[in-house]
Novice: 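Submitted below is the structure of interest, expressed as structure tokens.
Because only heavy atoms are used, hydrogens play no part in the values below, and waters and symmetry mates are left out as well, while side chains stay in.
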Amino acid sequence: MSLEAQIAAKAAEAEAADQITESAASSDPAAAPRLTKRRNKNKKKQDKNEVDDDQEGQLWPIPYIIEDGLRRVAPYHYTYKTWVKQRWRGRELLDVFESEFRDRPLEYYRQAMISGHVRVNNKQVSPQHVLKNGELVSHTIHRHEPPVTADPIAVLHEDDDMIVIVKPSGVPVHPAGRYNYNSVIEIMRAERGRGWTAYPCNRLDRLTSGIMFIAKHPAAAEVLSAQIAARTVRKEYIARVIGEFPDGEVVCDEPILQISPKLGLNRVRANGKHARTVFKKIAYYPPSATATATQSPGTTSSGDPATEPRPWTGAKGYSILRCLPVTGRTHQLRVHLQHLGHPIQNDPIYANQKVWGIQLGAGDAEATANTDEDIISRLDRMGKQEVADAVAYHDEMVDEYHKKKAEKMSGELCEVCETPLYTDPGEQELSLWLHSLRYEDAGGQWRYVSPLPSWALPPRGMAGPTSVGGMEELVDAVRAENPEIA
């Protein structure tokens, strides 16, 4: 059955169930309480969604400014609301803000609580207030959104139920953290009208580009989300990684542990969650003949881009990989590739020597070379005191890369709210060489494939693949362990 047919059947089933329940309630008084309970449950869920997605005070039209290849939003006042999460319960309010939110100093949050800009259940509370289940935390701020790429959100397919898009790199899917209007669902809402509602069915990290499914109504979202959760939907990614990756199908079964919710940081650890990925190299491009590593990793920076230490320049070349994630852990492909010694070439987190050291965290499942605390501390400085740059960049781009600014605290304060201001992100912070290339039903009923991104195509003057074939080789590598995707 095609995806469209499954969605239609689900919608008809829900409508029929409502009619049956209504009929039963009218003929059987005992059924009435069940109907009332169901309605109350749906109403409660609807009310919660209205709080989570409250548009009160939202700007319209959204004041986007497109310039220099970036989409900007002028600073504005906004009230962020969220229900107390399970991991917050029993903890002090200030402790939660310190551990979960990193875009403002701790003293700012303390003063915001004292002044009433941070409230609980719309009441002013102290920073020592202990959070409880069912409480609503609100935070009114003068919001400064980082700019994102101005590249358009391409549409691969659209019908009455579903929009299949190609998400640009660097744009988050949902409003979160420092991003609100500069998110996929808000950009699409600005294009389609204020009353338009998006129902994203799959998740991509902010830096990851590629295929996403945006349902137009809940029944469509439910069908595809259930298929993805059941792992009967095959997903294929394309990645560009450091060095020459081994030949053949490489299966990585290393467990993944989140070591910092605040930073969204994960690493391979024996006590993590089960994770499995299949990788297959489709091309290797050696370093250019003119590129040389002229300085050692420990060389002191001179501040001159022409002589800046660049130990990675021309050292290993790069490979283009096909990636089949069997499980769906956060940063799974990035973490597995780092562990295998071939991190994504421009990854500002997992290919960063300032954070992971000269070996970039390869094979350190026991955290003996770098403790979790060391990694978290180093990464927390990125984008603040230090530029968050990847250590490996394609040879022909290195000089231009070092001439560009990257996002970090500028030392200036906002005249309205005295918030520390950031500089614009650099090009390397708006892109990750990881792309969601394909989604298909394991039974062969439907499939969507995007073109290869430009960074995965052969470099100028070299031959290489410009497309990929079917997924059978990748699936065969885990068919015995994961028959659901076969």
Novice: Is the shortest side-chain heavy-atom distance between Lys167 and Val173 below 4.5 Å?
Specialist: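 A side-chain contact under 4.5 Å exists here.
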Novice: Working to the nearest 0.5 Å, report the span between CD1 of Ile256 and OG1 of Thr327.
Specialist: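 Between atom CD1 of Ile256 and atom OG1 of Thr327 there are 6.5 Å.
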Novice: Does any pair with a residue in residues 112-139 pass salt bridge (charged side-chain N to carboxylate O under 4.0 Å, His left out), and if so which ones, sequence neighbours excluded?
Specialist: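 Listed by first then second residue: nothing to list.
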Novice: Quick check against the 3.5 Å criterion: does Arg329 have a side-chain atom that pairs as donor or acceptor with the backbone of His274?
Specialist: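 The answer is yes, because a donor-acceptor pair under 3.5 Å joins these two groups.
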Novice: Might you confirm whether atom CD of Glu67 has over 12 heavy atoms from other residues, nucleotides or ligands at distances under 6.0 Å?
Specialist: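 Atom CD in Glu67 is packed in, count exceeds 12.
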Novice: Once salt bridge (charged side-chain N to carboxylate O under 4.0 Å, His left out) is applied, do any residues pair with Lys235, and if so which ones, sequence neighbours excluded?
Specialist: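 Not a single residue meets the salt bridge (charged side-chain N to carboxylate O under 4.0 Å, His left out) criterion with Lys235.
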Novice: Apply salt bridge (charged side-chain N to carboxylate O under 4.0 Å, His left out) to Asp372 and list each qualifying residue two or more places apart in sequence or on a separate chain.
Specialist: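 Asp372: salt bridge (charged side-chain N to carboxylate O under 4.0 Å, His left out) contacts with Arg267, Arg269.
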Novice: Apply side chain to side chain contact (heavy atoms under 4.5 Å, CB included) to the pair Gln338 and Asp347, showing each step before the final yes or no.
Specialist: CA-CA 10 Å; Gln338 182 199 49; Asp347 194 324; over 6 Å; no
Novice: Tell me every residue that passes side chain to side chain contact (heavy atoms under 4.5 Å, CB included) with Thr208, counting only those two or more places apart in sequence or in another chain.
Specialist: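 For Thr208 the side chain to side chain contact (heavy atoms under 4.5 Å, CB included) partners, ignoring immediate neighbours, are Leu204, Asp205, Tyr237, Leu432, Leu434.
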Novice: Parallel, tilted or perpendicular: which describes the rings of Phe279 and His336, with under 30° parallel and over 60° perpendicular?
Specialist: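 Taking His336 first and then Phe279, their aromatic rings stand perpendicular (interplane angle over 60°).
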Novice: May I ask you to decide if Leu59's main-chain N or O and Tyr181's side chain share a donor-acceptor pair within less than 3.5 Å?
Specialist: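 Judged by distance alone, yes, a pair lies under 3.5 Å.
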Novice: Hey, what do you get for CZ (Arg72) to CD1 (Ile66), rounding to the nearest 0.5 Å?
Specialist: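 Nearest 0.5 Å value for the CZ-CD1 distance: 9.5 Å.
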Novice: Give a yes or no answer on whether the side chain of Glu145 reaches the backbone of Asn182 with a donor-acceptor pair at less than 3.5 Å.
Specialist: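 Checked: pair present.
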Novice: So, do Gln258 and Asn266 sit near enough that their side-chain heavy atoms are less than 4.5 Å apart?
Specialist: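 Gln258 vs Asn266: side chains touch.
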Novice: So do Leu106 and Leu94 actually touch side chain to side chain, heavy atoms under 4.5 Å?
Specialist: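 They are in contact (side-chain heavy atoms under 4.5 Å apart), so the answer is yes.
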Novice: In chain order, what residues pass the side chain to side chain contact (heavy atoms under 4.5 Å, CB included) check against Thr368, with sequence neighbours excluded?
Specialist: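 So Thr368 forms a side chain to side chain contact (heavy atoms under 4.5 Å, CB included) with Asp364, Glu366.
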Novice: In plain terms, say whether Glu158 and Arg192 are close enough for a salt bridge, that is, a side-chain N and a carboxylate O under 4.0 Å apart.
Specialist: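 Yes, this pair counts.
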Novice: Nearest heavy-atom pair of Leu457 and Tyr285: which atoms, and what distance?
Specialist: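 Nearest heavy atoms, Leu457 then Tyr285: C-OH, 4.5 Å.
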Novice: Can you list everything that forms a ring-ring contact (aromatic ring centres under 6.0 Å, His included) with His342? Sequence neighbours excluded, please.
Specialist: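 His342 satisfies ring-ring contact (aromatic ring centres under 6.0 Å, His included) with Phe245 only.
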Novice: So, using side chain to side chain contact (heavy atoms under 4.5 Å, CB included) as the criterion, who are the partners of Val125 when residues are at least two apart?
Specialist: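 By the side chain to side chain contact (heavy atoms under 4.5 Å, CB included) rule, Val125 matches Leu93, Val120, His129.
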Novice: Can you name the ring-ring contact (aromatic ring centres under 6.0 Å, His included) partners of His117, sequence neighbours left out?
Specialist: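 For His117 there are no ring-ring contact (aromatic ring centres under 6.0 Å, His included) partners, ignoring immediate neighbours.
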Novice: For Leu321 and Leu337, run side chain to side chain contact (heavy atoms under 4.5 Å, CB included): C-alpha distance rounded to whole Å, both residues' side-chain angles, the deciding distance at 0.1 Å, then the answer.
Specialist: CA-CA 10 Å; Leu321 306 185; Leu337 286 168; 3.5 Å; yes
Novice: With the side chain counted from C-beta on, respond yes when Val96 and Val137 share a heavy-atom pair under 4.5 Å apart, and no when they do not.
Specialist: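 Not touching, per the 4.5 Å side-chain cut-off.
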Novice: Could you tell me whether a side-chain N or O of Ser225 sits under 3.5 Å from a main-chain N or O of Glu222, the two making a donor and an acceptor?
Specialist: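 Absent.
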Novice: Looking only at non-hydrogen atoms, find the nearest pair between Gly317 and Gln345 and report the distance.
Specialist: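 Nearest heavy atoms, Gly317 then Gln345: O-NE2, 4.2 Å.
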Novice: If we ignore angles and hydrogens, is there a donor and acceptor under 3.5 Å between the side chains of Asn370 and Arg378?
Specialist: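 Judged by distance alone, the side chains do pair up.
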Novice: For a quick test of reading the model, state the closest non-hydrogen atom pair linking Val233 to Tyr439 and the distance between them.
Specialist: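 Closest pair (atom of Val233, atom of Tyr439, distance): CG1-CD2, 3.6 Å.
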Novice: Measure the shortest side-chain to side-chain distance between Gln111 and Ile114 over non-hydrogen atoms and say whether it is less than 4.5 angstrom.
Specialist: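 A side-chain contact exists here, since the closest heavy-atom pair is under 4.5 Å.
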Novice: Once the angle between the rings of Trp433 and Trp455 is folded into 0 to 90°, is it parallel (under 30°), tilted (30 to 60°) or perpendicular (over 60°)?
Specialist: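 The rings of Trp433 and Trp455 sit tilted, inter-plane angle from 30° to 60°.
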Novice: Go through the side-chain N and O atoms of His435 and Ser209 and say whether any donor and acceptor fall under 3.5 Å apart.
Specialist: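 Yes, Ser209 and His435 have a side-chain donor paired with an acceptor closer than 3.5 Å.
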Novice: Taking the side chain as everything from C-beta on, heavy atoms only, tell me whether Arg143 gets closer than 4.5 Å to His77.
Specialist: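 Answer no - side chains too far apart.
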Novice: Take atom CD in Gln124; do more than 12 heavy atoms of anything else shown fall under 6.0 Å from it?
Specialist: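 Atom CD in Gln124 is crowded, with more than 12 foreign heavy atoms closer than 6.0 Å.
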Novice: Indicate the atoms forming the closest heavy-atom contact of Ala456 with Ile238, along with that distance.
Specialist: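 In this case the closest contact between Ala456 and Ile238 is CB-CG2, 3.8 Å.
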Novice: Suppose we screen for ring-ring contact (aromatic ring centres under 6.0 Å, His included). Which residues come up paired with Tyr80, at least two apart in sequence or across chains?
Specialist: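 For Tyr80 there are no ring-ring contact (aromatic ring centres under 6.0 Å, His included) partners, ignoring immediate neighbours.
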Novice: Nearest 0.5 Å please: distance from the CD1 atom of Ile165 over to the OG atom of Ser450.
Specialist: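 Rounded to the nearest 0.5 Å, the CD1-OG separation comes to 11.5 Å.
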Novice: Apply the test side chain to side chain contact (heavy atoms under 4.5 Å, CB included) to residues Val335 and His339: give CA-CA distance (whole Å), side-chain angles for both, the deciding distance (0.1 Å), then the verdict.
Specialist: CA-CA 6 Å; Val335 172; His339 176 76; 5.6 Å; no
Novice: With sequence neighbours excluded, what pairs up with His331 under the ring-ring contact (aromatic ring centres under 6.0 Å, His included) test?
Specialist: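 Tyr350.
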Novice: Parallel, tilted or perpendicular: which one describes the rings of Tyr76 and Tyr78, with boundaries at 30° and 60°?
Specialist: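 Ring orientation of Tyr76 relative to Tyr78: perpendicular.
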Novice: Between atom CD1 of Ile214 and atom CD1 of Ile185, what is the distance when rounded to the nearest 0.5 Å?
Specialist: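 One finds 8.0 Å between CD1 of Ile214 and CD1 of Ile185.
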Novice: Is the closest side-chain heavy-atom distance between Met162 and Asp159 below 4.5 Å?
Specialist: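 Yes, close enough: below the 4.5 Å cut-off.
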Novice: Minimum heavy-atom separation for Ile259 and Ile376, please, with both atom names.
Specialist: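 Smallest interatomic distance, heavy atoms only, reads O-CD1, 3.3 Å.
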Novice: Taking side chain to side chain donor-acceptor pair (under 3.5 Å) as the cut-off, I'd like each qualifying pair that reaches into residues 88-97, sequence neighbours left out, listed once.
Specialist: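 Those involving residues 88-97 are Trp88-Glu100, Arg89-Asn133, Arg91-Asp95, Arg91-Ser99.
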Novice: Angle class for the Phe101/Tyr109 ring planes (parallel below 30°, perpendicular above 60°, tilted otherwise)?
Specialist: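 The arrangement is tilted - the two ring planes meet at 30° to 60°.
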Novice: Give, for atom NE2 of His174 and atom OG of Ser183, the distance between the pair rounded to the nearest 0.5 Å.
Specialist: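 Reported to 0.5 Å precision, the distance equals 9.0 Å.
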Novice: Donor-acceptor pair, Thr149 side chain versus Leu70 backbone, under 3.5 Å?
Specialist: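 No, because the side chain of Thr149 does not come within donor-acceptor range (under 3.5 Å) of the backbone of Leu70.
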Novice: Any side-chain heavy-atom pair from Ile349 and Val355 closer than 4.5 angstrom?
Specialist: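 Counting from C-beta outward, Ile349 and Val355 never come under 4.5 Å.
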Novice: Distance from Trp196 atom CH2 to Glu186 atom CD, nearest 0.5 Å?
Specialist: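 If I round to the nearest 0.5 Å, the distance is 9.5 Å.
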Novice: Which atom names give the shortest non-hydrogen contact between Asn346 and Ser431, and what distance separates them?
Specialist: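 Minimum heavy-atom separation between Asn346 and Ser431: ND2-O, 3.2 Å.
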Novice: Using side chain to side chain contact (heavy atoms under 4.5 Å, CB included) as the criterion, list what pairs up with Glu236, not counting sequence neighbours.
Specialist: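 Here the qualifying residues are Arg322, Leu437, Arg438, Val468, Met471, Leu474.
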